[in-house]
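Hydrogens, waters and symmetry mates play no part in the numbers below; they use all other heavy atoms, side chains included. Numbered from 1 within each chain, the chains take letters A, B, ... in sequence-line order.
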Amino acid sequence: MNSELLMSKIEALLFVIGDEGITAKQLSQLLEVETMEIEAALSELKTNYEQSEVSGVTLKNLAGTYQLTTKPEMADTIKKLVENPTSNVLSTASLEVLAIIAYKQPITRVEIEDLRGVKSDRPIQTLVSRALIQEVGRAEGTGRAILYGTTKEFLNYFGLNSLKDLPPLPDEVLKDNDQDTDLFMTKFQETFAGEEQ
Amino acid sequence: MNSELLMSKIEALLFVIGDEGITAKQLSQLLEVETMEIEAALSELKTNYEQSEVSGVTLKNLAGTYQLTTKPEMADTIKKLVENPTSNVLSTASLEVLAIIAYKQPITRVEIEDLRGVKSDRPIQTLVSRALIQEVGRAEGTGRAILYGTTKEFLNYFGLNSLKDLPPLPDEVLKDNDQDTDLFMTKFQETFAGEEQ
Amino acid sequence: MSYEVKLDAFSGPLDLLLHLIHRLEIDIYDIPMAELTSQYIDHIHAMKELELNEASEYLVMAATLLAIKSRMLLPIHEGELEDAEFEVETEDPREELVIKLIEYKKYKEAAIELKELESDRSLVYTRPPSDLTSMVPDQQLALFDAKVNVYDMIGALQKILRRKNLRKPLSTRIARQEISVKEQMFAVVDSLKVQGGKSSFSDLFPYEDKTTIIVTFLSILELMKRQVVSVEQQKNFDELFVILDKEVPDNELRTIDE
């Protein structure tokens, strides 16, 4: 693979992967290219971003994880976006949390964050303060985490008589799919199956 | 603002906004720059992305907004990140229902079923849950049947900027009613001429 | 003539009819009703055994076809055809069906075009909006657009799912493919060697992702079972230490079945 192609592939992966970032080793596995070569390409990409006046993004390396971010000097511009009421960046976070709670209630904060992939304590707080959601109980187990559900005000807001009026979702859409657990069980059985033979 | 700076700011905003997308008008408000100038900068950004061998991303018009996306030739690389890249494609039945809704919206379930000659409640539910169609009103008269229309997500899902970008419906062969009847009469007589032999 | 009929091959009776018309190379404006009807009914028989979901709709169509066929067999006298009074009733019994078929065909073809667009679009990926919630005061967070409705919520869910689909593999799939318990056993032994044969338990877990931790943990269990390493602890809640008990020749570890 020539270095331009490699750089473009790395850029595409970094772009899609978002805030979680990706390590040079993972990139090496995905692209089937030596880590050394990946690191050289990453460093060249970074130089390109930094030197380009036209580019608003750059490459950040945090604890071995690479991710694309906006350049520090873009902070003011992005602040404007946040403050602008016509952009729905902010309502999106709240709406996502509200949607999850509406369809999966009762549900804990951790479960919501797991579905969204981002911290959600602040949207939850504001939805509580807007009386669209409320505590409806506590989860079993050690943490006794708060379970959230929607309120009467929620029904009111969306013009619904009851939760049954929400458009139905097919089962597959939000079914739990805890792969980590599956993986653990598989590995566990693989390891200990040997014992019995 | 010089054009490099403008482009870098636009890139930063496009990056942050992600699949939410942003319109030229919103960019113009945020950056306090004429829409014309914004559009020129967007077009130059797009040319840059397209021409750069090093870049894995490009600029696309989706659902009335501008969004950064990965280049199509990056698909194989990114698919390695995705669990089931093809498991989510729509079924033939769902696509048929969606085609009818896209071209004939607003339309009721009964009208859809009449056109297809088959019950369509399940595809409709799938399409609602995938946010590709939504209720856009109620039909006049008794029953007040739900009228369906397509969503922004529909445009996004099919890579369209607006409904105008839908491919034209295959031409109706029978445009003229008179011709229609003539044709039938001719065929009719031919048939019966044959039957008597 | 025999043919296979697949359950999911047709999206309804009209679809089946179009298929037959195409296969039999029939002119849609001049359908030989007897032939089409008998072919259609043959298909229904084959499909009936498959407990077709929409059986009733297919049967209604069969009845319609039979009705059209019989109407076409009714004798019509020359005189009546020429008589203006009867002209209204002389329409082709097939007309309604043909109009339906042509109208349906249009959308069936449009659906095929949508499928192509779907597949083109699937080659292109976007990213979720950055999380900017930390940049704003609380009261601003939950400000919804006044036009937000329940369908917007469904749209929000759809986005979450799309994102989850991209997010999932990084933490698990790469690890599942690339790190086996066996490989990790080597890594643990190597790491112990580097540290002079003894390491604190937690130092053996430098990775943050869950699967690597699980695989590392399992590999230590496996090494204990094979008495390659032992684990000691001075007293309750003290740190655990992993000790390399014996130098295992590489080839012995390599014979482990995964």
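Only the side chain of A:V16 comes within less than 4.5 Å of a heavy atom in chain B; its backbone stays farther off. Only the backbone of B:T69 comes within contact range of chain A, with at least one heavy atom under 4.5 Å from a heavy atom of that chain. If you measure heavy-atom distances from B:L6 to chain A, you find no contacts under 4.5 Å at all. If you measure heavy-atom distances from B:N2 to chain A, you find no contacts under 4.5 Å at all. If you measure heavy-atom distances from B:V128 to chain A, the contacts under 4.5 Å come from the side chain alone.
Between the side chains of B:S55 and A:E11, at least one donor-acceptor pair of N or O atoms lies under 3.5 Å.
Across all their heavy atoms, B:G56 and A:A12 have their closest contact at O-CB, 3.9 Å. Taking every heavy atom of both residues into account, B:M74 and A:K9 meet most closely at SD-CA, 3.8 Å. B:L68 and A:F15 make their closest contact through O-CZ, 3.4 Å (heavy atoms, listed as atom of the first residue, atom of the second, distance).
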CA sep, side-chain torsions, deciding dist, call: B:L30, A:T77, side-chain contact (heavy atoms from CB on, under 4.5 Å):
CA-CA 8 Å; B:L30 284 171; A:T77 304; over 6 Å; no
Would you please test A:L81 and B:I22 for side-chain contact (heavy atoms from CB on, under 4.5 Å) and show each step?
CA-CA 10 Å; A:L81 176 71; B:I22 193 163; 4.2 Å; yes
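Rounding to the nearest 0.5 angstrom, the gap separating the CG atom in A:L13 from the NZ atom in B:K80 is 8.5 Å. Interatomic distance, B:I17 CD1 to A:I78 CD1, rounded to the nearest 0.5 Å: 10.0 Å.
For A:E73, the CD atom sits in a packed shell: over 12 heavy atoms of surrounding residues, nucleotides or ligands are nearer than 6.0 Å. Other residues, nucleotides and ligands contribute at most 12 non-hydrogen atoms within 6.0 Å of the NZ atom of A:K119. Heavy-atom contacts from other residues, nucleotides or ligands closer than 6.0 Å to CD of B:E50 number more than 12.
In this structure, the side chains of B:V54 and A:L5 stay at 4.5 Å or more apart for every pair of heavy atoms.
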